[in-house]
Amino acid sequence: MTSQPWLAEYLEQGAQEPGPYAPDAASADAARRLRGLLADPDGWAEPPVGLLAQITATIDRERATPTVADGRRRQIRTRRTVRAGVAALLAAAAVVIGIVVTRGPATTDVVLAGTRLAPAASATAKLHATPSGLAIELDVSKLAPSPPGFYYQAWMKGPHGLVTIGTFHMHGGPGTVELWSAVSLADYPTITVTREPEDGNPASSGQVVLTSRHP
Amino acid sequence: MDEDDLADAFRTGSAEGVRAVYERYSGAVFTIALRVLGDRELAADAAQVTFLNAWRACGTLEPGRPLAPWLFTIARRAAIDLYRRRAHGPEPVEPKDDATIALPPSMECIWEAWQIRIALDMLPAEEREVVRAQHFAGLTHAQIAQQLAMPIGTVKSRSHRAHRRLASMLGHLAEVAA
């Protein structure tokens with residue numbers, strides 16, 4: 001927080017122009033904008049009565065019906081609190097998510113299933129280790145083309161975080177997507193695909209449409 | 001409950017944590033949804049989606065990571081998603097004039113509105129009441145004193161303290177702009 005006596009005085013006095021108070025033109029512009037926002041009805045609007053009850057009711061319903069999101073949340077908590085068991089978890093997860101050696105020791109298959117956002121979708125990722133990194137062929141089935149203003153983004157997730165491995169749109173219909181990763185499946189054992197808005201925000205939207213299976 | 005305790009409570013996904021975060025941030029979430037969507041009903045939908053998505057993702061809130069910017073990102077995204085779904089809805093009967101097509105407010109505008117609302121909600125209730133009467137209703141100190149049935153000296157002292165607090169919480173916005 002920064003002490004700005006001139007700003008307090010300008011806002012309090014209700015003067016139309018901040019010129020006599022602000023130290024420079026840019027600060028005056030900012031102060032004028034702040035004053036405008038303080039008078040903006042949106043800035044004082046209250047959410048409708050009953051909204052909290054609707055939210056808690058939905059949460060109660062979801063608690064009663066475990067979802068993919070619940071699974072992800074439980075998995076994240078587990079990873080944080082049981083660091084010592086990570087290696088064992090990864091080994092167990094590798095078995096359960098269906099990693100199957102198919103083309104010699106450098107190639108593995110990972111099965112991805114559609115979430116409730118795309119329940120009919122599925123995919124198989126063929127991971128092939130190369131000197132440059134992990135080459136991934138994602139064979140996608142029944143995933144609708146991304147809607148206007150959105151695209152799909154593939155990720156690898158692990159205890160160290162989230163790494164993007166490419167974007168695609170499926171506008172040509174079902175098929176194979178070529179992705180690349182610089183991180184290993186051992187360190188990032190979960191593969192997901194999210195739907196992302198084209199808003200320039202590099203963070204994941206959290207809208208997972210495909211995910212590799214969890215224990 | 002301070003910010004760290006609030007984040008800890010929310011991270012557990014408990015009903016108490018959700019309720020506490022709602023009480024602290026629902027005004028700010030609703031404000032930015034309104035600024036993006038310009039419609040109370042849609043803004044309420046966006047606010048609901050925000051808190052549900054935040055609850056579903058509470059396990060991804062790293063310990064020590066501030067809650068407010070994390071929630072802001074979720075709230076902004078929920079509002080923009082709804083804005084785009086509405087924009088990509090059925091064609092209107094009357095074609096839109098290009099000049100009337102509105103873009104959502106910029107990230108900076110939404111962030112400013114978020115911070116101002118949080119600052120207002122952090123004011124003590126009696127100071128917030130005076131600030132609201134002054135800026136939102138456009139009343140003078142004398143008119144506020146009359147409306148709230150209190151001495152004008154009390155109005156002035158509350159207004160003075162409130163604006164000091166606001167300038168302290170929001171001064172960085174003026175500095176950034178400068």
Side-chain angles (χ1 to χ4, degrees), chain A residues 1-12 14 22-31 33-35 37-48 51-52 54-56 58-60 62-63 67 69-70 72-77 80 147-150 197 199-201 203 205-207, chain B residues 11 13 15 18-19 22-23 26-27 29-32 34-35 38 40 43-44 47-48 51-53 55-60 63 73-74 77 80-81 84 87-88 112-113 116-117 120 131-132 134-136 138 140 159-160 162-178:
Chain A
M1 293 186 189
T2 307
S3 177
Q4 299 272 19
W6 67 268
L7 181 60
E9 196 175 350
Y10 162 63
L11 293 176
E12 185 182 4
D24 53 60
S27 298
D29 284 345
R33 200 170 57 251
L34 282 180
R35 189 165 179 272
L37 286 168
L38 284 175
D40 184 354
D42 290 354
W44 295 92
E46 295 297 340
L51 186 61
L52 176 60
Q54 289 175 29
I55 292 167
T56 53
T58 304
I59 288 174
D60 288 344
E62 292 195 15
R63 273 190 215 283
T67 64
D70 294 332
R72 283 203 309 274
R73 196 161 48 243
R74 273 197 304 276
Q75 181 196 31
I76 289 164
R77 278 201 293 267
R80 288 194 182 139
F150 289 83
D199 60 1
N201 185 342
S205 67
Q207 297 177 19
Chain B
R11 200 175 291 112
V18 172
R19 191 168 292 109
Y22 182 90
E23 284 168 4
S26 59
V29 167
F30 192 62
T31 284
I32 65 169
L34 256 184
R35 283 191 73 78
R40 283 188 61 86
Q48 183 169 5
F51 285 100
L52 289 173
N53 285 348
W55 173 73
R56 290 171 187 137
C58 68
T60 67
T73 302
I74 295 172
R77 190 180 290 274
I80 297 274
D81 281 354
R84 286 182 171 145
H88 294 131
E112 272 188 351
I116 288 169
R117 179 55 189 261
L120 289 172
V131 172
R132 187 178 196 280
Q134 183 174 343
H135 290 280
F136 178 58
T140 63
S159 173
H160 184 72
H163 286 95
R164 293 274 159 191
R165 286 188 219 274
L166 286 175
S168 172
M169 289 187 279
L170 301 172
H172 64 285
L173 294 178
E175 284 186 342
V176 169

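Letters A, B, ... mirror the listed sequences (proteins, then strands); counts begin at 1.
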Considering only heavy atoms, which portion of [X] lies under 4.5 Å from any heavy atom of chain A: side chain, backbone, both, or neither?
{"X": "B/Arg77", "answer": "side chain"}
{"X": "B/Phe136", "answer": "both"}
{"X": "B/Val29", "answer": "neither"}
{"X": "B/Thr140", "answer": "neither"}

Check: A/Glu46: what forms a side-chain hydrogen bond (donor to acceptor under 3.5 Å, both in side chains) with it, not counting sequence neighbours?
Finding: B/Arg117
Next item on the list: Please list, chain by chain and in numerical order, all residues satisfying side-chain hydrogen bond (donor to acceptor under 3.5 Å, both in side chains) with B/Ser159, sequence neighbours excluded.
Entry: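 Counting only residues at least two positions away or on another chain, B/Ser159 forms a side-chain hydrogen bond (donor to acceptor under 3.5 Å, both in side chains) with B/Gln134, B/His141, B/His163.
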Notebook entry, point to check: For the candidates B/Glu23, B/Arg132, B/Arg19, which exhibits the highest count of non-hydrogen atom pairs separated by less than 4.5 Å from chain A?
Noted result: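 Highest number of heavy-atom pairs under 4.5 Å: B/Arg132.
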Next item on the list: Verify, without hydrogens or angle tests, whether A/Trp44 (side chain) and A/Ala39 (backbone) share a donor-acceptor contact under 3.5 angstrom.
Entry: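 Between the backbone of A/Ala39 and the side chain of A/Trp44 there is no qualifying donor-acceptor contact (under 3.5 Å).
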Check: Short question: side chain of B/Ser168, backbone of B/Arg164 - any donor-acceptor pair under 3.5 Å?
Finding: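 Not a single qualifying donor-acceptor pair exists.
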Check: Which of the residues A/Leu37, A/Leu51, A/Leu7 is involved in the greatest number of heavy-atom pairs with chain B at under 4.5 angstrom?
Finding: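 Greatest number of close heavy-atom pairs with chain B: A/Leu51.
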Notebook entry, point to check: Is any side-chain heavy atom of B/Leu170 less than 4.5 Å from a side-chain heavy atom of A/Leu11?
Noted result: no
